[in-house]
Amino acid sequence: LSAAGDGAPAFFSPDMQAKATTFLRMEAELRRALDDGGLVLWLQPKVSLDGLGLTEAAEALVRLQCPDGKLLPPGAFIGVAETTGLIRELSRWVVEEACRLLARWRDAGTGLPRLAVNVSAHDLEEDDFADALLAALARHSLPGNALELELTETTLFAMTDRGLATLTRLRERGMRIAMDDFGTGYSTLSYLHRLPIDVLKIDRAFVQEVHAHPDRAGITRAIISLATTLGLELVAEGIEAEAEAAFLADLGVAIGQGYLYARPMPEAELMAWLDATRPR
Ligand code: C2E
Ligand code: CA
Ligand code: CA
Ligand code: CA
């Protein structure tokens, strides 16, 4: 029955109405951003935990610039992009922008040799995703290993044979594949060892206060022995405290990411950060 009590059938409650309005507004915002260059890539360094603090790569995290100057985090629009199919265009923009930055750094002899981009499940189900990626690399004369793809554990777990074939093909071209948010999904050992992946990213849920929580430390140890057995590289994400970093380094985690080192930042800030932290 209608909430207004006028006897008309109610398809939308006021709450659903509000959600629909927000959704449509975000879709319009995203279309505008894709059309007028309103997207930006922020970059977060991946730092070696061996005490030298070398940075060999960064993760690209997309932001949407609103006309009023507000910067929206991906959580506000990736879901909308996936539902509307705009994710296709968004992902292509992210890959192109990452390649453009990498080529510029190479030409200038600065920056980093590799960027990791986040890929959504939808991307890998497209016939031409691999072609588009390889074409972007070729356009900028970049090698396959200039890009790393991050896919969540859940995405990889639900992947079709076609998606897996796409990943295998990209990996043969030198692209590294990382399993993101590891530990939050349902991977089993038997499944994990058949996946075309190179890196496990330990989810922040286990990293947070790992030194003070025996359960998290236990899970992290298990993940590390799993990665070692399977020959996978390890990255810990969301490191915020020195104690977490020291603990993880002791356990044998090679690479860390997190606010302790740097927040995601625009390219110009990353250049200054790299300059300031470069060992000399
Ligand atoms: P993610 O790939 O797991 O990225 C890590 C998120 O944690 C980022 O949030 C990052 O800013 C944040 N983070 C990094 N270090 C710390 C830390 O020390 N403490 C805390 N509390 N947070 C930290 P962000 O940038 O809001 O991105 C959220 C998610 O959106 C990403 O999670 C990723 O799944 C998705 N995303 C970002 N960029 C893209 C993209 O270009 N395409 C797609 N499909 N998804 C993207
Ligand atoms: Ca990621
Ligand atoms: Ca993650
Ligand atoms: Ca995440």
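The structure displayed is predicted, hence computed values, not measured ones. Note that ligands are numbered from 1 as they come in the structure, with each ligand's atoms numbered from 1 the same way.
Scanning Asn118, Val117, Leu41 for the heavy atom closest to atom 46 (C) of ligand 1 points to Asn118. Taking only non-hydrogen atoms, the option from Trp93, Trp42, Tyr259 nearest to atom 16 (C) of ligand 1 is Tyr259.
Contact annotation: for Glu59 versus ligand 1, heavy atoms closer than 4.0 Å belong to the side chain alone. Residue contacts with ligand 1, taken as heavy atom pairs separated by less than 4.0 Å, do not involve Thr152 at all. Neither the backbone nor the side chain of Asp123 has any atom closer than 4.0 Å to an atom of ligand 1 (non-hydrogen atoms only). At a heavy-atom cutoff of 4.0 Å, ligand 1 is contacted by the side chain of Val94 but not by its backbone. At a 4.0 Å heavy-atom cut-off, ligand 1 touches Arg204 through the side chain alone.
Heavy-atom distances between Gly75 and ligand 1 stay at or above 4.0 Å for every pair. Residue contact annotation: Arg63 has a non-hydrogen atom under 4.0 Å from ligand 1. Ligand 1 has Gln44 within reach: a non-hydrogen atom of the residue lies less than 4.0 Å from it. The closest approach between a heavy atom of Lys201 and any atom of ligand 1 is not below 4.0 Å.
Backbone and side-chain nitrogen or oxygen atoms of Val62 are examined, and one is located within less than 3.5 angstrom of a nitrogen or oxygen of ligand 1.
Side-chain contact of Asp181 with Thr152: a donor-acceptor pair under 3.5 Å is absent, judged by distance alone. Side-chain atoms of Glu267 and Trp105 include a donor-acceptor pair closer than 3.5 Å. Gln208 and His213 share no side-chain donor-acceptor pair at under 3.5 Å. For the 3.5 Å distance criterion, the side chains of Asp15 and Ser13 fail to qualify, holding no donor opposite an acceptor.
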Trace of the salt bridge (charged side-chain N to carboxylate O under 4.0 Å, His left out) decision for Glu172 with Arg169: CA-CA 5 Å; Glu172 280 162 1; Arg169 182 172 161 220; over 6 Å; no
Lys201/Glu153 under salt bridge (charged side-chain N to carboxylate O under 4.0 Å, His left out): CA gap, chis, key distance, verdict: CA-CA 9 Å; Lys201 289 190 82 174; Glu153 182 180 5; over 6 Å; no
Stepwise salt bridge (charged side-chain N to carboxylate O under 4.0 Å, His left out) check, Asp123 with Arg88: CA-CA 6 Å; Asp123 297 322; Arg88 180 186 162 90; over 6 Å; no
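Take the N/O/S atoms of Glu59: the one nearest the Ca ion (ligand 2) is OE2. The atom of Glu150 nearest to the Ca ion (ligand 2) is OE1, with the search restricted to N, O or S atoms.
Using a 4.5 Å heavy-atom cutoff, the side chains of Leu192 and Leu230 are in contact. By the 4.5 Å heavy-atom criterion applied to side chains, Leu64 and Glu29 are counted as neighbours. Considering only heavy atoms from C-beta on, Glu56 comes within 4.5 Å of Ile255 through its side chain.
Within the 3.0 Å limit, Asn118 places at least one N, O or S atom next to the Ca ion (ligand 2). Counting backbone and side-chain atoms alike, Asp181 contributes no N/O/S atom closer than 3.0 Å to the Ca ion (ligand 2).
Annotation for ligand 1: atoms under 4.0 Å from non-hydrogen atoms of Asp181 are 3 (O). Which parts of ligand 1 touch Gly258 is read off a 4.0 Å heavy-atom cut-off, strictly below it: atoms 15 (N), 18 (O). Heavy-atom contacts of Pro264 reach the following atoms of ligand 1: 11 (O) (cutoff under 4.0 Å).
A side chain to side chain contact (heavy atoms under 4.5 Å, CB included) with Ile224 is found for one member of Leu248, Thr229, Leu234 and no other, namely Leu234.
Computed with the Ca ion (ligand 3) at the centre, the Asp180 OD1 to Glu237 OE1 angle is 100°, stated to 10 degrees.
Interatomic distance, CG of Leu41 versus CD of Glu97, reported as 5.0 Å (0.5 Å rounding).
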